[in-house]
S.K.: 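Supplied in structure tokens, the structure appears directly below.
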Amino acid sequence: QVQLVESGGGLVQAGGSLRLSCTASGRTISSYYMGWFRQAPGKEREFVATINWSVGSIVYADSVKGRFTISKDNAKNTVYLQMNSPKPGDTAVYSCATDRPGTDRRVSLSAITRYAYWGQGTQVTVPS
């Protein structure tokens, strides 16, 4: 089992910055990708970004490209999401998730179904 705990959420003004953290514990060494997703009120959960634990390859959603940066610290089993110039439309609960050994590599990196373990989420609010 893998446990994921997010932190760093809160209220941030548009144009400001905020960094989210996701720390993994448990059987993490075999995970391939750690992703960030978000869900706004009344909307479906959507992909934000993902990073490969080993080689560091990264994919972003078009909506955050150029504003958000995903990074990792393998020694701390932690993945970060640096949110720069957030907009009111970025308001959501942000959750991290990781896949597991045996994941079908043909499944899109942005697909919710790819990820087996999820954190509880952290609220990010960008007031208009």
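The structure displayed is predicted, hence computed values, not measured ones. Numbers here simply count residues along the sequence, with the first being 1.
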S.K.: Between Tyr94 and Leu81, which heavy-atom pair has the shortest distance, and what is it?
M.R.: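 Reported closest heavy-atom pair: CD2-CD2, 4.1 Å.
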S.K.: List the residues meeting side-chain contact (heavy atoms from CB on, under 4.5 Å) with Asp104, not counting sequence neighbours, and say none if there are none.
M.R.: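 In terms of side-chain contact (heavy atoms from CB on, under 4.5 Å), with neighbours along the sequence ignored, Asp104 is linked to Arg106, Val107.
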S.K.: Work out which heavy atom in Trp36 is nearest to a heavy atom in Cys22; give both atom names and the distance.
M.R.: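 Reported closest heavy-atom pair: CZ2-CB, 3.6 Å.
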S.K.: Rounded at 0.5 Å granularity, tell me how far CD in Gln82 sits from CZ in Phe68.
M.R.: 9.5 Å
S.K.: Quick one: pull up OH in Tyr115 and CG in Asp99 and give me the separation to the nearest 0.5 Å.
M.R.: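 So the OH of Tyr115 and the CG of Asp99 are separated by 6.5 Å.
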S.K.: Of all residues at least two apart in sequence or in a different chain, which pass the side-chain contact (heavy atoms from CB on, under 4.5 Å) check with Asn74?
M.R.: Trp53, Lys72
S.K.: Would you call Glu6 and Ser95 a side-chain contact if the rule is heavy atoms closer than 4.5 Å?
M.R.: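 The answer is yes, as the side chains (C-beta and beyond) meet within the 4.5 Å cut-off.
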S.K.: So, taking the atom named CZ in Arg45 and the one named CD1 in Ile112, what distance separates them when rounded to the nearest 0.5 Å?
M.R.: 6.0 Å
S.K.: Tell me the closest heavy-atom pair linking Arg38 and Glu46, and the distance in Å.
M.R.: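 Heavy atoms of Arg38 and Glu46 come nearest at NE-OE2, 2.6 Å.
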S.K.: Examine Leu18 and Val93 and state if one hydrophobic cluster contains both, with Ile, Leu, Val, Met, Phe, Trp and Tyr joined whenever side-chain heavy atoms are less than 4.5 Å apart.
M.R.: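 Different clusters.
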S.K.: Identify the two heavy atoms, one from Lys43 and one from Gln39, that lie closest to each other, and give their separation to 0.1 Å.
M.R.: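 Looking at all heavy atoms of both residues, the shortest contact is O-NE2, 3.0 Å.
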S.K.: Determine, stepwise, if the pair Tyr80 / Ile70 fulfils side chain to side chain contact (heavy atoms under 4.5 Å, CB included).
M.R.: CA-CA 6 Å; Tyr80 304 97; Ile70 190 171; over 6 Å; no
S.K.: Please examine the side chains of Gln13 and Pro127, heavy atoms only from C-beta on, and report whether any two atoms are closer than 4.5 Å.
M.R.: yes
S.K.: Under 3.5 Å, is there a donor-acceptor pair between the Thr23 and Thr78 side chains?
M.R.: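 Yes, Thr78 and Thr23 have a side-chain donor paired with an acceptor closer than 3.5 Å.
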S.K.: Distance from Leu20 atom CG to Met83 atom CE, nearest 0.5 Å?
M.R.: 5.5 Å
S.K.: I need the minimum non-hydrogen distance between Ser17 and Pro86, along with the two atoms involved.
M.R.: N-CD, 4.3 Å
S.K.: Less than 4.5 Å apart, side chain to side chain, heavy atoms only: is that true for Thr91 and Val124?
M.R.: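 The answer is no, as the side chains (C-beta and beyond) never meet within the 4.5 Å cut-off.
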S.K.: Quick one: are Thr69 and Tyr60 in side-chain contact, heavy atoms under 4.5 Å?
M.R.: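 A side-chain contact exists here, since the closest heavy-atom pair is under 4.5 Å.
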S.K.: Could you give the distance from SG (Cys96) to CZ (Phe37), rounded to the nearest 0.5 Å?
M.R.: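 Taking SG in Cys96 and CZ in Phe37, the distance rounds to 10.5 Å.
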S.K.: Quick check: do Arg100 and Tyr32 have side-chain heavy atoms less than 4.5 Å from each other?
M.R.: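 Sidechains of Tyr32 and Arg100: no contact.
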S.K.: Locate the shortest heavy-atom distance separating Ala24 from Val2; write the atom from each residue and the value.
M.R.: CB-CG1, 4.5 Å
S.K.: Could you tell me the separation between the OG atom of Ser25 and the CG atom of Leu4, rounded to the nearest 0.5 Å?
M.R.: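 So the OG of Ser25 and the CG of Leu4 are separated by 7.5 Å.
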S.K.: Charged N to carboxylate O below 4.0 Å: is that the case for Lys87 and Asp90?
M.R.: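 Not counted as a salt bridge, because no side-chain N and carboxylate O are separated by less than 4.0 Å.
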S.K.: Check whether any side-chain heavy atom of Ile58 sits under 4.5 Å from a side-chain heavy atom of Thr50, and report yes or no.
M.R.: no
S.K.: Quick one: are Phe47 and Val59 in side-chain contact, heavy atoms under 4.5 Å?
M.R.: yes
